[in-house]
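One structure is given below, encoded as structure tokens.
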Amino acid sequence: MTDQKITVAIPARNEAATVGKVIEAVKPFADEVLVIDGHSTDGTAATAEASGAAVYQDFGRGKGDGIRKAIEVATGDIIVFIDADGSHDPLDIPHMVAPIAAGDAALVLGSRWTGGSDELSGDTSMFIRSTGSAFITLLINYRWGTRLTDVENGYRAISTETARDINLKEHGFTIEQEMVMKCLKKGYTVSEIPTHEYRRMSGSSDLAVWKVLHKFAWSLIKNLFN
Amino acid sequence: MDKVQKGITVAIMTRNEEATIEDVIKSVNPYADETLVIDGHSADGTREIAASLGAQVHLDAGHGKGDGIRKAIEVAGKDILVFIDADGSHDPADIPALVAPIRAGEADLVVGSRWTGGSDELGGDIGMFVRGTGSSIITLAINYRWGVRLTDSQNGFRAISTEAARRITLSEKIFTIEQEIIMKCLRAGMTVTEVPTHEHKRQSGKSQIVVWKVAHRYIWCLVKNLIK
């Protein structure tokens, strides 16, 4: 794929049903597989270890914690973040990594808008998430002159050096937009490739829109105007 | 309207698409038993190019895409009718997937979804945001009203049983016909399903949808059909 070392990091909380399969599926693309466990109570950590991943615990405050831990411990030159529920296709990894290895981008996002999503539409809460996401993406585009389509997708790759330089702080899912904004703010190139989001293999979203809407808005405003 | 024979009619609605119509007709022909071009009174060479390639060319009444679709339904000779755009944004390789459920008797209308298949056009700037959000609201309203789980009520890339299409009465003149077709099929008790289809950047030209001018028509068409 490239002579750069690739770390694939899987933040996980209570994903014992699927994390083993995801680890097996990403192994062909990874020099190092990390699972960052958010203090699961269902045996996720043990399952992950048994599948051959290096398992770390984060502080248990959310996906943001998990991502920060991965950035801290990764030994690869490029970190690929992939979800633990089987909704992301590991075959996209080489395409995501290539622009970074070539020096054309520091952060490459997988876009569900250009790649399609089996999850993100059809009922009211999906509508809110999808519209909110599109709105946030729009503001980021206008602020930094980019033409991104999906800033919320957890499926992405980043140069480890860049990830350590941008000093991420968010605890929850808001880290996804924070990562994009902080890269752009520091002049790093952010690009996208189409990636398809499949129905998760099991479980349900940990994102309770009504509870976190204000966090997304606040995180957006903070970073837009800084 | 004559009796239809078994097979696939592919209908391409056009207005001033001379830059792309040749490529579209050639790419569609392998999938079609009959290729129709329904022209909205183009001022360029669209009709001449289409005729030279062996497509059956018809003129509609010139009031918009709705007119074009109604004409296609009227003149189609095969039992499954596929609608595809003239600008190269739809992939003819998706046609078999669109047609299969109808052929199997499992659906009357199959819509291509850009939400599950992805779109290179529908994101990133404010016009697209408004169209995408508006489209989602309309789709949501349809879902709640008829208990379905559609994701894309506006995509012009779709297949319908010709006979089913002739059973519903369509009155919209412009792009609002897309949602009208879905709502009237559902109201008539027909089965409407979706398959993922990818929307590519159009090869040339730009969208003829001017959101600000037509938003109110989309809302009115929705309300009219929802509450009947």
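Computation of the quantities below employed the complete heavy-atom set of this structure, encompassing side-chain atoms and omitting hydrogens, waters and symmetry-equivalent molecules. Below, chain A is the first sequence line, B the second, and so on; all start at residue 1.
The number of heavy atoms from other shown groups lying within 6.0 Å of NZ (A:Lys215) does not exceed 12. In the displayed structure, A:Arg13 atom CZ is contacted under 6.0 Å by at most 12 heavy atoms of other residues, nucleotides or ligands. Residue A:Lys182 places its NZ atom among more than 12 non-hydrogen atoms of other residues, nucleotides or ligands, all under 6.0 Å distant. No more than 12 heavy-atom neighbours from other residues, nucleotides or ligands sit within 6.0 angstrom of CZ on B:Arg15.
Contact tally against chain A (heavy-atom pairs below 4.5 Å) for B:Leu150, B:Leu140, B:Ile137, B:Thr133: the top residue is B:Leu140. Your options are B:Ser113, B:Gly132, B:Ser136, and the one with the most heavy-atom pairs under 4.5 Å with chain A is B:Ser136. Looking only at heavy-atom pairs under 4.5 Å with chain A, the residue among B:Asp152, B:Thr151, B:Ile126, B:Ile142 that has the most is B:Ile126. Of the listed residues (A:Leu138, A:Ile140, A:Thr137, A:Asp118), the greatest number of heavy-atom pairs within a distance under 4.5 Å of chain B belongs to A:Leu138.
Between the CE atom in B:Met128 and the CZ atom in A:Arg147 there is a gap of 6.5 Å [rounded to 0.5 Å].
Of the two parts of A:Ser111, neither the backbone nor the side chain holds a non-hydrogen atom closer than 4.5 Å to a non-hydrogen atom of chain B. Proximity to chain B (any heavy atom under 4.5 Å) is shown, for A:Phe135, by both the backbone and the side chain.
Side chains of A:Phe127 and B:Thr139 form no contact here, defined as non-hydrogen atoms less than 4.5 Å apart.
When all heavy atoms of B:Phe129 and A:Thr131 are compared, the closest pair comes out as CE1-O, 3.6 Å.
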